[in-house]
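Encoded as structure tokens, the structure appears first; notes follow it.
All ligand and atom numbering here is 1-based and tracks the order in the structure. Positions are given from 1, in the same order as the sequence printed here.
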Amino acid sequence: MEKMRSAMKKCCMHPDQAHCKGKIKAAHALQNNKIISILAGSERHVYMMNTKKKPLLIPMRDGEIIPIVELSKTSANDATTETCFCDLHDNIAFAVIEKGAPDFDETSEKMKFIYAYKAFIFEYYKQRIGLDIFRSNFKENPYPFLSVDMVGMYRMLLLKEQEFEPIKSHFDEQIVAGTFDGVVTCAIKIPEQIKFADYAYIAPDYDMNGKKTKHTVKGSMHRVAITIFPETNQSWLLLSCLKSEQYIYEILFQQLKTASLPKLKFYINLVLPLYSENMVLSTELWEFWDEEVQMAYTYYANLEGKDAVVMGKGIGFGLNNAACQKSDDVYNNSPKINLFI
Ligand SMILES: [Zn+2]
């Protein structure tokens with residue numbers, strides 16, 4: 001696993017491969033000059049799960065050994081970077097939202113499209129490289145890859161590949177044509193500067209009232225590209241999917257748009273820590289939490305497989321329970337892990 005971790009290949013994900021130019025550099029999924037710099041402050045550090053560091057191996061009571069990736073201080077220059085764009089394409093593909101561009105404008109279809117593409121393509125890259133590394137390591141030494149866990153992981157990667165490809169094709173067609181169509185974005189303004197940022201390409205299991213989202217159609221999972229980030233005086237939560245998938249997430253989008261601020265924060269607090277491998281936390285937020293909350297956060301962020309499913313069900317139950325209360329006061333009681341300090 002360690003070998004797989006350290007072997008992230010460099011390649012450009014832009015569809016116009018014929019015109020790649022310059023080195024494949026470490027591109028930021030969350031813009032360094034706009035988003036990360038707000039969180040990093042004068043020390044230029046944030047807290048993140050550092051997957052490039054050796055994980056702690058924690059023995060559990062049942063004899064199983066669980067790898068735990070800790071959150072650690074990360075330089076702003078390294079936060080959320082992957083080697084997935086050449087110099088030229090990193091510059092042109094994201095110019096609309098990069099340094100020098102104005103703040104996010106919810107009426108701009110271009111900006112919404114580019115945020116969605118960015119969250120998607122960085123996750124796509126990690127998925128594709130994961131599959132490549134799995135295959136090449138298997139060739140070298142098949143034995144460790146024959147365990148039930150590894151076979152399960154390989155199947156999951158293959159299924160994900162099938163699910164990601166049509167989305168990649170859509171984005172590629174639009175980018176080559178210079179158009180920004182076919183993507184629906186739900187943009188939620190949060191009227192304060194949040195102390196964290198995140199990007200993800202995930203299928204939330206529950207809506208804001210704890211009802212299951214029907215994200216899997218004919219065995220294929222449909223995800224939303226999520227970006228949440230601070231600006232100077234406010235913050236944005238963006239969720240996007242293809243127009244052809246809009247019917248799956250219509251209810252969730254509508255709920256998010258009309259929810260009270262405490263209810264919105266309640267949902268984000270419950271759901272994001274479970275999907276938080278890309279989460280960037282300001283030093284202020286991380287140090288505000290006591291050791292118990294830091295441990296709880298690290299635990300949630302590391303949950304995978306069956307354990308994550310069990311926790312996900314607990315979250316669904318919590319959301320449903322809160323939605324059944326007579327008053328909205330329940331949303332004012334923030335859960336243990338509170339991202340909004
Ligand atoms: Zn390129």
Side-chain angles (χ1 to χ4, degrees), residues 4-37 48 51-52 74-102 104 108-136 157-158 160-183 185 197-201 223 225-227 229 238 240-242 277-278 280:
M4 286 170 66
R5 255 177 220 290
S6 60
M8 293 302 271
K9 261 195 248 168
K10 296 178 178 184
C11 51
C12 181
M13 289 288 117
H14 198 274
D16 186 14
Q17 293 281 310
H19 293 99
C20 282
K21 206 174 162 187
K23 263 198 204 158
I24 306 275
K25 59 178 188 185
H28 280 84
L30 296 168
Q31 302 91 286
N32 194 7
N33 285 302
K34 280 187 169 297
I35 300 173
I36 306 287
S37 62
M48 291 197 66
T51 50
K52 281 154 197 152
T74 308
S75 153
N77 290 335
D78 297 333
T80 75
T81 58
E82 300 293 343
T83 45
C84 55
F85 278 94
C86 71
D87 197 27
L88 174 76
H89 286 138
D90 185 39
N91 282 333
I92 59 173
F94 307 114
V96 177
I97 58 171
E98 275 294 341
K99 190 181 183 182
F104 177 72
S108 165
E109 290 307 317
K110 262 188 197 179
M111 279 190 175
K112 289 188 275 192
F113 181 97
I114 296 297
Y115 270 107
Y117 175 61
K118 208 166 192 190
F120 167 75
I121 202 70
F122 274 69
E123 287 299 272
Y124 174 91
Y125 164 76
K126 286 194 260 179
Q127 143 76 20
R128 192 157 112 185
I129 293 299
L131 203 51
D132 281 359
I133 296 170
F134 208 104
R135 284 179 178 139
S136 62
L157 284 167
L158 284 179
K160 257 187 160 182
E161 185 185 41
Q162 272 177 34
E163 292 165 347
F164 281 30
E165 276 321 316
I167 317 294
K168 167 92 163 26
S169 302
H170 179 83
F171 278 118
D172 284 355
E173 280 164 25
Q174 295 293 319
I175 287 167
V176 168
T179 47
F180 304 89
D181 300 327
V183 173
T185 297
D198 194 17
Y199 76 94
Y201 186 58
R223 295 167 174 81
I226 300 181
T227 315
F229 61 93
L238 312 178
S240 309
C241 63
L242 296 192
E277 60 169 79
N278 302 320
V280 182

Vertex the Zn ion (ligand 1), arms to C12 SG and C20 SG, rounded to 10°
110°
Please name all residues satisfying side chain to side chain donor-acceptor pair (under 3.5 Å) with E109, sequence neighbours left out, ordered by chain then number.
K112
Applying side chain to side chain donor-acceptor pair (under 3.5 Å), name anything that partners S37, two or more places apart in sequence or on another chain.
none
Can an N, O or S atom be found in C86 less than 2.8 Å away from the Zn ion (ligand 1)?
yes
Report yes or no: do Y124 and E161 form a side-chain donor-acceptor pair below 3.5 Å?
no
Indicate if the distance from the Zn ion (ligand 1) to the nearest N, O or S atom of H19 falls below 2.8 Å.
no
Report yes or no: is the cationic atom of K25 (NZ for Lys, CZ for Arg) closer than 6.0 Å to the six-membered ring centre of F85, at no more than 45° off its axis?
no
Quick check: of its N, O or S atoms, which one does H89 have closest to the Zn ion (ligand 1)?
ND1
